[in-house]
Amino acid sequence: RTAAPPPTECWRVQIAAPVEAARARVLRETAESLLLVRLEVTPGKGRHAVKTIECLSGAAADSLRRRAIATGFGDAFRVREPAPSTR
C-alpha cells in the first residue's frame, strides 16, 4: 500500500478558545467525543485554542465546521495554515 501524497493545503477547524486552560481541556474532550476527530489545545495570545490536529482539505474543514456548529460549537471556524513540509 502506498502512502497518500502530502496535502497541498492545510485547513484546521478551531472549535473554541477559552481563557481558562481547564475549560479548554473539557471542550476538547467533549468535542472529540461528539465530532469523532482528534483535537489539541494550543495556548497563545491569552487564550487556549481548541482545534483539529490533522490538516484537512478546504471541503473537509467546511464540513467539520458545519457539524461543529450544528453540535453546539457555534463559534467554530476554519483556520488556514501552511501545508506541512515534505522531506
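Only this structure's heavy atoms are used, side chains among them; waters, hydrogens and symmetry mates stay out.
- Under a 3.5 Å cut-off, the side chain of Arg12 and the backbone N or O of Ile53 do form a donor-acceptor pair.
- Across Leu56 and Ala60, no two heavy atoms sit closer than the pair CB-CB, 4.1 Å.
- Going from atom CH2 of Trp11 over to atom NZ of Lys51 covers 12.5 Å, rounded to the nearest 0.5 Å.
- Arg47 and Glu20 are not joined by a salt bridge, as no carboxylate oxygen comes within less than 4.0 angstrom of a charged side-chain nitrogen.
- Here Arg80 contributes atom CZ and Cys55 contributes atom SG; the two are 11.0 Å apart, rounded to the nearest 0.5 Å.
- Of all non-hydrogen atoms in Val41 and His48, the two that sit nearest each other are CG1-CB, 3.7 Å.
- The structure places CG of Leu34 at 10.0 Å from CZ of Arg67, a figure rounded to the nearest 0.5 Å.
- Using a 4.0 Å cut-off between charged nitrogen and carboxylate oxygen, Glu54 and Arg38 count as a salt-bridge pair.
- For Thr30 (side chain) and Val26 (main-chain N/O), a donor-acceptor pair under 3.5 Å exists by modelled atom type.
- Across all non-hydrogen atoms, the minimal contact from Phe77 to Asp75 is CD2-O, 3.3 Å.
- Between the side chain of Glu9 and the main chain of Gly58, a donor-acceptor pair closer than 3.5 Å is present.
- Ion pairing between Glu29 and Arg25 fails under the 4.0 Å rule for side-chain N and carboxylate O.
- For the residue pair Ala61 and Arg78, the shortest heavy atom distance occurs at CB-CD, 3.7 Å.
- The side-chain contact (heavy atoms from CB on, under 4.5 Å) test with Leu64 is passed by exactly one of Ile69, Ile15, Leu35: Leu35.
- Nearest heavy-atom pair, Cys10 versus Pro82, reported as atom, atom and distance to 0.1 Å: CB-O, 3.6 Å.
- Here the CD-OG1 distance, from Glu81 to Thr52, works out to 7.5 Å after rounding to the nearest 0.5 Å.
- Rounding to the nearest 0.5 Å places OG of Ser57 at 8.5 Å from CG of Asp62.
- Side-chain contact between Phe73 and Leu27: present, with at least one pair of heavy atoms (C-beta onward) separated by less than 4.5 Å.
- What you find for Leu39 and Ala31 is that their closest heavy atoms are CD1-CB, 3.3 Å.
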